[in-house]
Amino acid sequence: MNTVLSRANSLFAFSLSVMAALTFGCFVTTAFKDRRVPVDIHVSRVMLKNVDDFTGPRERSDLGFVTFDLSADILAFFDWNVKQLFIYLSAEYTTRSNALNQVVLWDKIVLRGESTKLNLRDMKSKYFFFDDGNGLRANKNITLTLSWNVVPNAGILPLVAGSGHVSLPFPDMYESTKSY
């Protein structure tokens with residue numbers, strides 16, 4: 001009465017249901033875990049230049065350079081449901097033309113099994129810190145924050161901000177040197 005194909009279909013459907021339940025169990029066991037850790041960010045040098053902006057009309061825009069120290073222990077993140085972390089340092093600030101500006105300055109992917117202690121000294125920005133005008137000069141409210149995305153084996157991708165940040169002012173004058 002039941003053919004081989006019918007029995008194979010039933011076995012496959014049951015196996016798929018069991019795998020889905022196990023995957024959901026994997027997600028639930030780590031879904032409500034607090035993934036914040038203390039972060040220490042120290043800025044040692046800030047430099048500002050006014051350079052040609054080649055992306056739009058021929059105007060000049062602010063280009064910031066930041067040298068920073070960063071330390072954090074991210075061992076607590078790596079449980080059995082984490083494949084990797086995407087860690088990034090971002091700057092947030094306001095200008096007259098934009099209520100919120102966010103720029104990623106540095107990032108790193110940490111895979112399972114790699115060193116979980118971030119102890120970076122005299123790091124320079126990995127990406128350009130451009131403003132779409134002159135909003136960086138004499139800006140007193142630039143905040144650097146370390147955040148991360150947890151890439152799990154199963155479940156959602158949480159976006160977590162570290163518990164430490166630093167606010168810094170930018171200079172009132174532009175640098176005229178040729179190198180950083």
Side-chain angles (χ1 to χ4, degrees), residues 34-78 82-151 156-180:
D34 185 21
R35 299 196 184 269
R36 287 178 291 167
V37 296
V39 174
D40 183 33
I41 304 169
H42 174 69
V43 176
S44 58
R45 183 175 177 204
V46 176
M47 192 170 77
L48 182 64
K49 291 186 177 185
N50 192 262
V51 297
D52 291 327
D53 185 5
F54 298 107
T55 61
R58 296 286 186 205
E59 296 179 2
R60 296 180 69 82
S61 295
D62 288 350
L63 175 61
F65 296 94
V66 178
T67 303
F68 59 92
D69 298 336
L70 181 74
S71 63
D73 187 8
I74 55 174
L75 179 64
F77 295 147
F78 282 98
V82 175
K83 276 195 251 187
Q84 66 185 20
L85 292 174
F86 178 72
I87 302 172
Y88 59 97
L89 182 71
S90 62
E92 294 184 1
Y93 61 99
T94 60
T95 59
R96 281 178 269 135
S97 59
N98 296 317
L100 177 65
N101 296 289
Q102 294 178 321
V103 179
V104 173
L105 302 176
W106 174 87
D107 65 2
K108 180 178 176 67
I109 296 175
V110 180
L111 300 173
R112 176 186 295 281
E114 290 183 359
S115 176
T116 58
K117 293 200 187 296
L118 291 177
N119 193 12
L120 308 172
R121 299 287 175 238
D122 291 327
M123 294 294 296
K124 292 181 173 46
S125 302
K126 188 175 181 181
Y127 304 107
F128 288 118
F129 189 2
F130 264 110
D131 184 60
D132 60 348
N134 297 320
L136 291 179
R137 189 177 75 178
N139 196 326
K140 304 295 181 203
N141 66 348
I142 297 175
T143 303
L144 300 182
T145 306
L146 187 71
S147 303
W148 46 85
N149 286 87
V150 179
V151 181
I156 59 172
L157 296 167
L159 172 63
V160 183
S163 63
H165 62 273
V166 63
S167 295
L168 60 126
F170 259 61
D172 296 336
M173 301 296 293
Y174 294 115
E175 294 280 334
S176 60
T177 60
K178 297 291 182 191
S179 64
Y180 173 56

Qualifying residue for side-chain contact (heavy atoms from CB on, under 4.5 Å) with F130, from V103, V51, D62: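 Single side-chain contact (heavy atoms from CB on, under 4.5 Å) partner of F130 among V103, V51, D62: V51.
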
The single option from L168, L70, T145 passing side-chain contact (heavy atoms from CB on, under 4.5 Å) against I41: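 Between I41 and the candidates, side-chain contact (heavy atoms from CB on, under 4.5 Å) is satisfied uniquely by L70.
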
Whether F68 and W106 hold their rings parallel, tilted or perpendicular, with breakpoints at 30° and 60°: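 The arrangement is perpendicular - the two ring planes meet at more than 60°.
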
Do [X] and [Y] get their side chains close enough for a donor-acceptor pair, meaning under 3.5 Å?
X    : Y    : value
N98  : D132 : yes
T143 : S167 : yes
S44  : D69  : no

Side chain proximity check, [X] to [Y], heavy atoms < 4.5 angstrom:
X    : Y    : result
K124 : F65  : no
Y93  : F170 : no
I142 : L136 : yes
W148 : V37  : yes

Test side chain to side chain contact (heavy atoms under 4.5 Å, CB included) applied to T116 and F77, step by step: CA-CA 9 Å; T116 58; F77 295 147; over 6 Å; no

For D34, all residues meeting salt bridge (Lys or Arg N to Asp or Glu O under 4.0 Å), sequence neighbours excluded: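 Per chain and number, D34 pairs via salt bridge (Lys or Arg N to Asp or Glu O under 4.0 Å) with R36.
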
Listed once per pair and sorted, the salt bridge (Lys or Arg N to Asp or Glu O under 4.0 Å) pairs that draw on residues 102-123, sequence neighbours left out: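 Every pair satisfying salt bridge (Lys or Arg N to Asp or Glu O under 4.0 Å) with a residue in residues 102-123: D73-K117, D107-K126.
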
Any donor-acceptor N/O pair, R45 side chain to T67 backbone, under 3.5 Å: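 No, the answer is negative, given that no donor and acceptor are paired below the 3.5 Å cut-off.
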
Short side-chain to backbone donor-acceptor contact, N139 and T94, under 3.5 Å: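 A pair under 3.5 Å: yes.
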
Residue pair I109, V151: steps toward the side chain to side chain contact (heavy atoms under 4.5 Å, CB included) verdict: CA-CA 10 Å; I109 296 175; V151 181; over 6 Å; no

From N50 atom CG to N134 atom CG, the distance as rounded to the nearest 0.5 Å: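 N50 CG to N134 CG: 5.0 Å, rounded to 0.5 Å.
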
